[in-house]
Amino acid sequence: AGINGRGLPIAVVTDDIDGNTRNTRSPDIGADEFAVSGVDAGIAIISPTRPALAGANTVRVRILNTRTTAITSVSLTYTTATVSVAETFTGLNIAPGNSQVVSFTTPYTLSATSAANFTVNIIQVNGAADEDASNNTAVIVNLRGALNGAYSVGTGLDFATLDAALLALDQAGVAGPVQFNIAAGTTYTSQLALKPFAGASATNTVTLQAATGNRNDVIFRPASAPTSTLKYIIRFDPNAAYYVLNNLSILPPTSLPTSNMYGIELRSNVNNITIKNALINLCGSASTPGTTVREISVQPATTYVENITVQ
């Protein structure tokens, strides 16, 4: 039973070694498609899944019959650390090897500013405990609503730190243009790496900017000199796209390095990046920068980037 219905469907493999038709959703592992007697339901989450809009979302799951007895009812729950909803679905008619999608009456409200581990469980099948509990749970870790609109970044605001805001971006993506308005007086002392994000487009850009519109109010200045292998202050990782840096200052550490420092580093296939009203000064009080100290650098030098705009 442990291999029943646990395989992954392959479109070109339509039958088994005996010529029997393969299950198109959850074939058996191995060469032979077989049936196990009894009652068992498996579960998969249909929605909400990434990317999902913030706000109320209908919880939809697929119930799969992996054994020989038709499924006529299931009792389910969905839970997070703060939410628990239970519902029983009756009047089903899920034949062996088939599945059906059911929807909870109570929607789940997704937040864009906080994440939750979202779990759906099968409690009962046909009014009794499921005979195989190993496939009764489906989980999405760190589920949150896609970002859309303006968010304040700073102590006590939408996101306490820029790291927290970028973690949300990485976990959820965007459903529209996003602006991270960083509070005045912020000095970012770590290196910052900007990744590709889900939902990126010419419309759905992500802007990092000083909330005041004054570039002197938000400073990126590492506490110590970048290393010979990590030379950047801000880096756009491979394939990062549709970011805007607006009204920010990028400055060297107090101990001015003589080499190996890039204000902004662009990695392979970075595209559609706009840098506006930014101060990038890596010279400090020196009249000229040291060796391999560059305001903007494409790395490696043979890589390809496109549509990089500096205004």
Side-chain angles (χ1 to χ4, degrees), residues 51 112 146-154 157-159 161-184 186-188 190-222 226 231-252 261-283 289 293-311:
L147 300 172
N148 187 7
Y151 299 91
S152 299
V153 179
L157 302 176
D158 295 325
F159 295 103
T161 65
L162 185 56
D163 284 340
L166 294 176
L167 176 62
L169 178 65
D170 185 46
Q171 290 176 340
V174 303
V178 170
Q179 304 83 43
F180 290 132
N181 296 316
I182 306 170
T186 299
T187 298
Y188 197 88
S190 300
Q191 292 171 300
L192 180 70
L194 299 175
K195 304 176 182 179
F197 58 90
S201 71
T203 300
N204 295 352
T205 59
V206 169
T207 300
L208 281 64
Q209 61 188 3
T212 60
N214 185 340
R215 66 189 184 187
N216 297 316
D217 286 342
V218 175
I219 297 171
F220 291 83
R221 169 173 253 163
K231 303 177 183 181
Y232 63 92
I233 296 177
I234 296 178
R235 183 183 70 197
F236 291 95
D237 282 351
N239 303 306
Y242 296 107
Y243 279 97
V244 179
L245 302 183
N246 185 33
N247 290 314
L248 304 172
S249 291
I250 301 173
L251 304 177
M261 184 172 64
Y262 308 142
I264 295 175
E265 181 179 335
L266 306 171
R267 302 299 289 181
S268 60
N269 299 316
V270 167
N271 63 90
N272 294 288
I273 304 297
T274 300
I275 302 165
K276 300 193 300 184
N277 305 317
L279 171 64
I280 308 175
N281 177 12
L282 303 189
C283 297
V293 174
R294 300 166 185 161
E295 279 73 18
I296 299 175
S297 181
V298 176
Q299 294 295 323
T302 56
T303 199
Y304 176 77
V305 299
E306 65 177 338
N307 296 331
I308 310 300
T309 303
V310 180
Q311 300 176 343

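When each of Val310, Leu245, Ile308, Ile233 is paired with Ile264, the side-chain contact (heavy atoms from CB on, under 4.5 Å) condition holds for Leu245 and for no other. Considering Val206, Asn148, Val244 in turn, Asn148 is the only one that fulfils the side-chain contact (heavy atoms from CB on, under 4.5 Å) rule with Pro177.
The stretch residues 297-311 participates, sequence neighbours left out, in no salt bridge (Lys or Arg N to Asp or Glu O under 4.0 Å) pair at all. Pairs of residues two or more places apart, or lying in two chains, that qualify as side chain to side chain donor-acceptor pair (under 3.5 Å) and include a residue from residues 191-209 are Asn181-Gln209, Gln209-Asn246. For residues 196-213, there are no salt bridge (Lys or Arg N to Asp or Glu O under 4.0 Å) pairs, not counting sequence neighbours.
Atom CD of residue Gln179 and atom OG of residue Ser152 lie 10.5 Å apart, to the nearest 0.5 angstrom. Atom CZ of Phe220 sits about 8.5 Å away from atom OG1 of Thr186, to the nearest 0.5 Å. A distance of 11.0 Å separates CG in Leu248 from CG in Asn214, rounded to the nearest 0.5 Å. To the nearest 0.5 Å, the span separating CD1 on Ile219 from CG on Leu279 amounts to 8.5 Å.
Checked against ring pair (Phe, Tyr, Trp, His ring centres under 6.0 Å), Phe197 has the following partners two or more places apart in sequence or in another chain: Tyr243. Residues passing the salt bridge (charged side-chain N to carboxylate O under 4.0 Å, His left out) test with Arg267 are Glu265, sequence neighbours excluded.
Shortest non-hydrogen contact noted between Leu282 and Tyr262 is CD1-C, 4.0 Å. The minimum heavy-atom distance linking Ser249 with Arg215 is given by the pair OG-O, 2.8 Å. Residues Gln299 and Thr303 come closest through the heavy atom pair O-CG2, 3.8 Å. Pairing each heavy atom of Ala240 with each of Pro196, the nearest pair is N-CG, 3.8 Å. Between Ala183 and Gly154, the shortest heavy-atom contact is CB-CA, 4.4 Å.
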Verdict with supporting geometry, Ile275 and Ile296, side-chain contact (heavy atoms from CB on, under 4.5 Å): CA-CA 10 Å; Ile275 302 165; Ile296 299 175; 4.0 Å; yes
Audit row: Leu192, Leu208, side-chain contact (heavy atoms from CB on, under 4.5 Å) steps and yes/no: CA-CA 12 Å; Leu192 180 70; Leu208 281 64; 4.2 Å; yes
Chi angles and distances behind the side-chain contact (heavy atoms from CB on, under 4.5 Å) call for Leu194, Ile234: CA-CA 8 Å; Leu194 299 175; Ile234 296 178; 4.2 Å; yes
Stepwise side chain to side chain donor-acceptor pair (under 3.5 Å) test for Asn271 and Asn307: CA-CA 6 Å; Asn271 63 90; Asn307 296 331; 5.9 Å; no
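Taking the six-membered ring where the residue is Trp, Phe180 and Phe159 present perpendicular rings, their angle passing 60° and hence far from 30°.
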Pair up each side-chain donor or acceptor in residues 162-176 with any protein partner under 3.5 Å, not counting sequence neighbours, and list the distances.
from: Asp163; atom 1: OD1; to: Tyr188; atom 2: OH; distance (Å): 2.4
from: Gln171; atom 1: OE1; to: Arg144; atom 2: NE; distance (Å): 2.9
from: Gln171; atom 1: OE1; to: Arg144; atom 2: NH2; distance (Å): 2.9

